[in-house]
Amino acid sequence: MIIKNFRLNIILRVAVLGISITILFYLIFYTVLYASIIVLAIIIIVQLYSLIYYAEKTNRDLSRFLSAIEHSDFSQTFIDTSLGSSFKDLYKSFNKVIMKFQSTRSEKEEHLRYLETVMQHVGIGLISYNQNGEIQFINNAAKRLLKVTHLNNISSLSKISRSLTQKLFALEAGERVTIKITDENDFIQLIIYATEFKLRDQKYRLVSLQNIQSELEEKEMEAWQQLIRVLTHEIMNSITPISSLASTVQSILKNNVQGQAFPDPESLDDINSAVNTIQRRSEGLIHFVNSYRNLTRIPKPNFQIFRIGSLFERIKNLMSKELEEKGIKFSQCVTPESLELTADPELVEQVVINLLINAEQSLEAKESAEISLTASLDDRGKILIKVTDNGPGIPEDVIEKIFIPFYSTKKAGSGIGLSLSRQIMRAHGGNIRVTSKSSEETVFTLRF
């Protein structure tokens with residue numbers, strides 16, 4: 001029968017060891033049984049080692065416990081082996097401490113997962129990195145803004161924008177800056193805010209990234225619409241009476257010139273011509289103002305699902321003859337052919353035709369002139385419609401102004417076409433962008 005009680009086990013081991021030593025001394029002093037003496041001495045050594053090993057069990061258990069705490073290995077358990085009440089209480093205390101650590105660790109892990117989930121789902125981009133630029137955390141919003149699937153170091157952002165990388169390294173705690181990032185199809189305006197914290201004697205920087213491009217455009221358009229309302233109100237109040245008065249004066253001159261004390265006929269012709277000019281100019285100004293009113297009267301889109309290929313065919317039927325007469329090669333392509341768009345087909349058609357007319361006008365006197373109309377999906381799954389021409393391009397000092405109402409580089413241009421197109425795209429929740437290379441090409445991109 002195995003004795004499991006620690007105290008009793010020690011007593012028995014000591015008793016057996018004492019008896020063995022007594023017998024050894026007896027054999028040494030009173031006999032010549034040398035072989036027995038040697039065997040008994042070895043047995044005594046084994047018993048002594050076993051006793052020491054058994055007595056140090058508490059130290060081994062304590063060492064295992066402390067090692068588990070040190071390495072956060074909370075899978076360890078201490079089983080009661082019925083070695084006595086003292087061991088039972090000791091093992092019970094060990095297990096309670098380990099369970100408490102397990103509970104605390106689980107709570108921290110759950111809290112960490114909760115925070116990570118929240119940070120991954122917030123709409124503002126968040127990036128955390130150390131002084132060497134090594135990324136510790138980046139959420140999904142930041143990945144979407146920067147168009148990356150993973151990021152290990154801030155330096156890798158140089159492929160997207162060198163100025164952005166420099167800004168991120170140079171940011172101070174509490175600093176807020178704005179920066180524009182451009183690519184082939186789009187550009188975004190970012191507002192960046194930085195804060196710093198210290199963890200394990202190492203400094204980290206937490207940066208928030210927010211795209212404010214749509215808000216800026218929205219405020220810009222609201223400001224222009226308000227300005228247009230004021231202008232149209234004031235101009236109409238001035239022009240309408242002038243037009244009415246000119247018409248009245250002309251009528252009086254025609255009906256009452258006979259028998260009145262008027263100047264000679266030549267002077268009357270001059271007066272009549274001047275009045276006619278005033279009337280025509282007044283009516284032209286009224287028409288001019290009414291055309292600008294369209295900027296503030298964009299109809300609400302009637303959203304429908306339609307094939308972009310069908311839209312392109314209608315546009316081709318409208319534009320192909322005119323383009324052919326001017327010697328402009330026109331091509332169109334939809335990838336994939338079954339690509340569908342949820343939008344107002346009439347408003348989208350109006351925007352595309354306006355862009356095609358602009359492209360056509362930019363190709364005057366251009367040899368081997370070409371215009372292409374394409375539709376595809378970008379890397380985010382958004383639908384892009386592009387109008388590309390191989391004209392002279394748009395100067396850099398002009399490209400930022402072309403969407404401003406009333407601004408036009410054409411002598412006969414009203415300056416509302418592109419502004420109207422931008423408003424239509426905004427009404428669809430999309431945007432319109434332009435990129436241009438001098439003497440090579442100009443690309444207008446509609447992103448839905």
Side-chain angles (χ1 to χ4, degrees), residues 66-74 97 100-220 378-382 400 431 433 447:
L66 295 176
S67 178
I69 299 299
E70 179 184 0
H71 297 95
S72 300
D73 180 15
F74 304 127
V97 172
K100 185 66 176 177
F101 272 107
Q102 283 179 329
S103 176
T104 303
R105 183 178 183 178
S106 296
E107 289 177 1
K108 287 184 176 180
E109 289 176 349
E110 289 174 0
H111 188 60
L112 179 61
R113 285 195 295 269
Y114 171 77
L115 289 178
E116 287 180 346
T117 302
V118 170
M119 293 174 72
Q120 289 291 356
H121 284 80
V122 295
I124 298 176
L126 296 173
I127 304 177
S128 175
Y129 55 96
N130 61 18
Q131 293 175 315
N132 297 323
E134 297 172 352
I135 302 293
Q136 306 299 317
F137 174 82
I138 179 170
N139 69 350
N140 293 326
K143 291 178 182 178
R144 287 194 297 268
L145 280 175
L146 301 174
K147 296 182 181 180
V148 295
T149 55
H150 65 278
L151 192 65
N152 296 323
N153 196 290
I154 292 296
S155 302
S156 302
L157 292 175
S158 298
K159 300 176 182 177
I160 300 172
S161 171
R162 186 175 298 275
S163 59
L164 174 62
T165 304
Q166 294 172 348
K167 284 285 187 184
L168 291 177
F169 274 115
L171 277 175
E172 298 293 339
E175 187 177 359
R176 187 190 300 268
V177 298
T178 58
I179 187 170
K180 183 189 291 185
I181 300 178
T182 60
D183 61 21
E184 182 180 359
N185 298 318
D186 197 8
F187 74 88
I188 58 176
Q189 191 88 10
L190 292 180
I191 183 168
I192 304 175
Y193 179 76
T195 186
E196 285 187 352
F197 61 94
K198 199 171 185 179
L199 185 64
R200 295 179 183 177
D201 297 326
Q202 188 172 8
K203 286 185 178 180
Y204 291 88
R205 189 172 295 154
L206 179 63
V207 171
S208 64
L209 309 171
Q210 189 173 6
N211 184 9
I212 57 172
Q213 182 63 36
S214 58
E215 286 80 5
L216 290 176
E217 291 180 355
E218 193 72 33
K219 293 299 181 183
E220 178 188 353
D378 68 2
D379 50 5
R380 298 181 185 178
K382 303 295 184 181
E400 295 290 341
N431 57 55
R433 299 285 182 263
R447 181 188 296 271

Would you please name every residue forming a side chain to side chain donor-acceptor pair (under 3.5 Å) with [X], sequence neighbours left out?
| X | answer |
| --- | --- |
| Y129 | none |
| S155 | N153 |
| E196 | R205 |
| Q131 | none |

Point to revise | Heavy-atom side-chain contact between I127 and F137 under 4.5 Å | key: no

Check your understanding: Does the side chain of L126 come within less than 4.5 Å of V207's, by heavy atoms?
Key ->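 No - every pair of side-chain heavy atoms lies 4.5 Å or more apart.
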
Practice item. Could I get the full list of side-chain contact (heavy atoms from CB on, under 4.5 Å) partners for R162, not counting sequence neighbours? Key: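 Listed in chain order: Q166.
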
Review point. Excluding sequence neighbours, so at least two apart, what forms side-chain contact (heavy atoms from CB on, under 4.5 Å) with S158?
Key: T165

Check your understanding: Does any pair with a residue in residues 134-143 pass side-chain hydrogen bond (donor to acceptor under 3.5 Å, both in side chains), and if so which ones, sequence neighbours excluded?
Key -> Q120-N140, N130-E134

Atom pair [atom1] ([X]) and [atom2] ([Y]), whose distance is rounded to the nearest 0.5 Å:
| X | Y | atom1 | atom2 | result |
| --- | --- | --- | --- | --- |
| L209 | I191 | CG | CD1 | 10.5 Å |
| L171 | I154 | CG | CD1 | 10.0 Å |
| H150 | I135 | NE2 | CD1 | 11.5 Å |
| L157 | L151 | CG | CG | 5.0 Å |
| L190 | S208 | CG | OG | 10.0 Å |

Review point. Can you name the residues that form a ring pair (Phe, Tyr, Trp, His ring centres under 6.0 Å) with F197, not counting sequence neighbours?
Key: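 F197: ring pair (Phe, Tyr, Trp, His ring centres under 6.0 Å) contacts with Y204.
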
